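Naming: A, B, ... by sequence-line order, numbering from 1 per chain. Model, not experiment: these values are computed from the prediction.
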Amino acid sequence: MKKYWKIVWNGITPSNPILILAIGLCSVVAVTNSVQNALLMTFVFSFVLIFSEVIISLLRKIIPGDIRVPIFVVVIATFTTIATLLSRAYFNSIYEAIKLYIFLVVVNCIIIGRAEAFSYQNSIVDSIFDGIGMSIGYSWVIIAIAAVREVFGNGTIAGFRVFPASYSPALVMILPPAGFLILGVLVGWLEFTLKKRKVKK
Amino acid sequence: MSYLANLGKIFVASAFVNNIVLLQFLGLCSYIGLTDNMHASIGMGYAVTFVTVLAAAVTWIIDRWILIPFHLQPFLQIVSFILVIGSLVGLVEIYIRKMSPHLYKAMGIYLPLIATNCLILGVTFINSLQGFDFVESIVEAVGAAIGYFMAMLILAGIRERLRNSELPDFFKGKAIAYMVSGIVALAFMGFQGMIK
Amino acid sequence: MNKILKLTLILGVVGAISGGALATVYKVTGPVISAQDAKTLQAGLSEVFPGDYQFEGLNEEFELSDSVVKIDDAYIVKSNGGIIGLVLQVTSPGSQAPIKLLVGTKKDGTVSGVKILESLETPGLGANASNSDYYVEKENKITFLGQFKGKKFSDNFVPKEDVIAITGATITSTAVARGVKVAGRVAHNYFKEKEGSG
Amino acid sequence: MDENLIDLIVTSSPHIRDKAKVSLIMRGVLIALMPATIAGLYFFGVGHTLGVVIVSILSAVVAEYLSCLIFRKKATAYDLSAAVTGLLLALTLPPSSPYWMVAVGAFVAIILGKWIFGGIGSNPFNPALVGRAFLMISWPTYMTIWVKPFTQSVFPPTSAITTATPLNIIKLKGFSEVLAMFDGSRLIMYKSLFLGNVAGSIGETSALLLLIGGIALIAKKIIDWRIPAGFIGTVFVLSAVFNRDPVFSILSGGLFLGAFFMATDYSSSPITVKGRLWYGISLGVLTVIFRQFGASPEGVMFSILIMNCFVPFLDKMLPRIYGHFAPKRRMNV
Amino acid sequence: MKTFIISVATVGGFGAFFGALLGYFAEKYKVEENPLVKAIYEVLPHGECGACGFPGCHSCAEAIAEAQASVDVCVVGGAATTEKIKKVVEEFKNKASKN
């Protein structure tokens with residue numbers, strides 16, 4: 001049990017896909033303009049990541065090294081489409097909001113990276129826990145960013161009014177430029193603290 | 001509106017008004033990763049232009065001649081597009097690596113980077129979503145690629161210049177690239193409304 | 001040669017499995033999706049043309065006054081057998097993807113209501129078009145779409161003149177206004193023709 | 001300004017970081033901006049307008065001071081550069097701007113526009129315009145309320161009569177409508193625009209006073225004449241091409257303010273002679289394109305920000321003053 | 001059922017077609033390369049994201065082989081990949097010293 005917890009925890013902080021690995025940032029900037037979008041992205045992302053990791057782990061002995069990447073991509077794309085179809089059938093309103101960004105999941109470096117670096121070499125159960133850990137690590141960061149952007153850009157969090165109606169929201173926060181700026185501050189903070197820690201060591 | 005004017009509109013929209021990197025956040029990995037090096041930025045720019053146009057052409061054919069006639073579009077689009085784009089890029093890379101080492105050094109090494117670049121897939125999806133015809137798709141692809149190229153050059157130029165200034169420790173490295181992109185995106189918001 | 005065969009086989013099989021899996025999932029979700037779309041459409045129809053009426057699909061090609069706005073579908077509104085209005089599904093180019101609109105038109109030459117079916121506008125700006133808490137006229141609590149209700153077909157439909165634009169979203173405002181305008185013209189011609197032929 | 005020191009200032013191109021000289025330059029710019037500022041106060045009422053100017057300058061200086069503390073740099077809060085940024089920002093804002101918005105703009109200008117790049121001399125973008133663009137995108141409503149001259153009372157500012165700027169009217173209704181505003185006479189229109197008796201940002205309306213300030217700066221060799229000349233000249237010529245009244249085009253909007261005081265910002269403009277000329281011309285082209293095709297009636301701000309992006313290339317591609325690259329190029333040919 | 005068969009045939013066909021082409025091209029246009037680069041390339045994630053600052057995993061492998069980049073340059077692979085690269089590099093060093 002302890003081993004599994006360690007795998008999950010690894011995804012949440014020590015190798016958090018966004019904070020430490022700092023990859024697959026397209027989706028981070030794109031969907032964090034409201035908490036709602038971030039949440040749906042999280043669902044799609046977790047679904048695709050966990051199932052892809054399982055399948056790839058299952059097939060790891062058969063997949064030839066030469067064409068592993070095309071196979072990974074096909075597997076990931078398949079699950080992405082399934083996620084799309086499911087969300088469209090059962091959560092239509094949210095699907096409408098982020099349908100342009102769903103394909104970002106397909107080419108998300110995090111998923112391909114984890115498929116290669118973890119599930120291509122580890123057992124199915126381990127892969128499931130790695131997927132869970134990575135999903136949690138991914139989701140808490142994008143939801144946090146989305147909360148900040150939505151509060152200042154719209155005065156609400158997940159649709160609930162936080163600031164009084166008299167607050168005039170800074171529209172820029174939910175527009176593209178602020179996505180970059182907030183990510184910049186976040187990345188700066190991370191690299192800064194990591195550097196500090198290294199120096200201390 | 002004449003057909004030609006319409007094409008012009010599509011081009012301006014994809015290159016400036018909806019700049020694919022700055023305002024649609026596609027292709028960020030390579031945008032941030034490679035702009036530390038002006039040479040690499042230019043090579044990547046050429047490679048992206050080449051592949052985007054190629055991908056737009058091929059996926060348009062697949063979309064119109066296979067997926068739509070057989071009613072497969074809603075569920076097979078993503079898989080077919082990515083499979084075809086990925087494989088094509090791989091083939092081109094292997095080919096020019098052998099045939100022209102010179103071209104390979106200038107552009108070919110950037111090709112694998114593109115197979116999983118969301119920009120390419122994004123452009124093909126926009127084309128399909130908007131229901132563009134063949135020429136419109138190509139124009140959209142060229143516009144998006146030029147928008148990408150421009151964003152790469154801007155960021156690479158500014159980063160090169162900032163190497164001489166004393167950045168605060170906090171913003172050294174990639175962070176400043178994001179901050180600069182934010183301000184450039186702010187400037188590009190000025191193009192809003194150019195297309196009616 | 002052996003290697004080529006192996007690659008062909010494996011990639012082919014993986015592709016085939018993926019295709020099969022997707023087809024299966026689509027078979028299950030497809031009907032749900034179309035049922036959902038039908039429900040949305042029905043709700044949309046009664047929203048843009050409030051009241052207890054029957055809607056009937058109409059198969060007709062319309063002459064358009066605008067080259068970029070398209071009419072996808074049309075529904076006639078019937079009450080006790082008589083036609084009292086027309087609802088048009090319009091596609092107008094938005095800031096990123098086309099905006100799909102439902103425009104309800106009355107026989108007396110006015111717009112009965114407008115609803116956005118599908119759009120990909122910027123949240124906080126263009127997306128306010130379909131936000132029911134966003135008022136373009138705060139005192140009277142009139143939403144952006146609400147202002148079209150009761151407008152005449154012969155109006156100009158130009159934002160910042162006779163249409164109040166959404167702050168910071170001129171493209172969206174123009175796109176919607178343009179769609180409504182085209183729908184109005186089409187409806188005008190349709191009713192005139194009906195009357196002419198009896 | 002002390003005449004003896006001027007010769008030292010001229011060579012500012014590779015940026016001089018010396019505090020004393022920076023503050024002298026900045027003092028020069030401040031003095032040059034004074035006439036336009038006073039005109040703004042005169043036209044739009046001393047009360048609220050003066051508040052906007054003071055809040056902007058104060059916030060900028062405070063932000064500068066805080067940034068020095070946060071980023072652990074030598075204090076530069078007293079070299080007047082922050083005050084210049086604050087004043088420039090205020091001059092580009094509508095006279096009825098709420099104070100909180102002005103303060104936010106000033107903080108953004110100083111921190112985002114300048115300090116994240118390491119402070120004065122390193123910023124690739126004009127700080128005041130970064131602040132203004134941020135406000136423009138965030139609060140478009142407040143940023144497009146224009147006050148008719150002489151109607152904004154001291155307290156409260158709400159009593160002012162709002163109107164549209166000449167460029168606004170041209171965008172929405174056409175040139176004849178603008179002309180009608182001035183009794184149909186071009187002469188009266190030119191005169192009003194030249195003196196500044198029209199709606200607009202606090203410091204942009206009076207072309208005459210901006211011109212005086214700008215020429216003074218050029219005469220003192222604080223700024224290079226090439227950028228404003230290229231900029232305004234291009235707008236003049238291109239406007240005529242687009243069938244707009246060229247005199248109207250150069251006198252209206254923020255063109256003079258932008259051309260003399262914003263585009264000439266040292267660290268965000270090219271350092272080569274040719275580069276500056278091309279920079280000015282490109283600015284003019286972009287501005288006309290924005291005015292003609294853009295959603296908003298004015299395009300000076302976005303033009304300058306966009307051209308700021310390309311400054312590294314203008315510096316690189318065109319031969320430098322020192323002639324360093326010139327022989328090499330000829331050899332290639 | 002018809003849709004099912006068409007789907008299987010379409011994607012399967014694409015897969016087979018490109019699998020064959022990839023195999024063929026790889027054989028026909030083979031390029032001799034540094035075995036160390038090849039070995040390092042094999043253990044990199046092939047995500048081709050460019051986050052390391054090199055255009056693609058292959059260039060990244062070359063840079064590591066030429067000691068222009070440190071072994072921990074790949075953030076996507078994380079600690080596991082770093083370990084593997086270290087191992088590969090060491091093996092090659094041992095081989096070289098034996099020869």
Side-chain angles (χ1 to χ4, degrees), chain C residues 1-45 57-59 61 70-75 89 91 95-98 100 102 117-120 122-124, chain E residues 1-50 55-62 65 74 76-77 80-81 84-85 88 91-92 95:
Chain C
M1 200 58 218
N2 196 10
K3 192 180 166 196
I4 299 178
L5 206 68
K6 195 178 153 196
L7 293 188
T8 312
L9 215 69
I10 293 184
L11 211 52
V13 169
V14 170
I17 294 173
S18 144
L22 286 176
T24 315
V25 174
Y26 186 63
K27 210 171 176 194
V28 178
T29 52
V32 183
I33 292 172
S34 13
Q36 187 120 30
D37 287 350
K39 221 167 96 188
T40 319
L41 181 67
Q42 201 57 44
L45 287 176
L58 180 70
N59 250 337
E61 290 286 316
K70 291 180 189 102
I71 305 259
D72 300 330
D73 274 310
Y75 306 88
Q89 190 183 321
T91 311
S95 63
Q96 306 202 355
K100 278 191 184 166
L102 272 186
L117 282 182
E118 253 185 72
S119 74
L120 274 178
T122 323
Chain E
M1 201 56 209
K2 198 179 139 209
T3 320
F4 185 84
I5 294 168
I6 298 176
S7 315
V8 170
T10 310
V11 188
F14 279 145
F17 179 68
F18 284 108
L21 269 183
L22 278 172
Y24 176 72
F25 268 57
E27 292 278 301
K28 172 138 194 227
Y29 299 111
K30 212 178 210 166
V31 178
E32 293 299 320
E33 65 176 344
N34 183 348
L36 177 59
V37 173
K38 206 173 171 194
I40 298 175
Y41 176 64
E42 272 311 303
V43 296
L44 284 172
H46 294 206
E48 313 288 358
C49 61
C57 294
H58 203 272
S59 314
C60 179
E62 269 170 21
C74 181
V76 180
T81 305
K84 271 189 255 162
I85 297 174
V88 170
E91 266 170 31
F92 266 79
K95 254 191 218 164

Contacts with chain E made by residues 24-40 of chain C (heavy-atom distance under 4.5 Å), listed by residue number: C/T24, C/K27
Between side-chain atoms of residues 10-18 of chain E and protein atoms elsewhere (two or more places apart, or another chain), which donor-acceptor pairs fall under 3.5 Å?
from, atom 1, to, atom 2, distance (Å)
E/T10, OG1, E/I6, O, 2.6

Under 3.5 Å: donor-acceptor pair, side chain of C/S18, backbone of C/V14: no
Reported CD1-to-NZ distance for the pair E/I40 and E/K84, which is rounded to 0.5 angstrom: 13.0 Å
Lys NZ or Arg CZ of E/K95 over E/F92 ring: under 6.0 Å, within 45°: yes
Any residue meeting side-chain hydrogen bond (donor to acceptor under 3.5 Å, both in side chains) with E/S7, in chain and number order, not counting sequence neighbours: none
Set of residues satisfying side-chain hydrogen bond (donor to acceptor under 3.5 Å, both in side chains) with respect to E/N34, sequence neighbours excluded: none
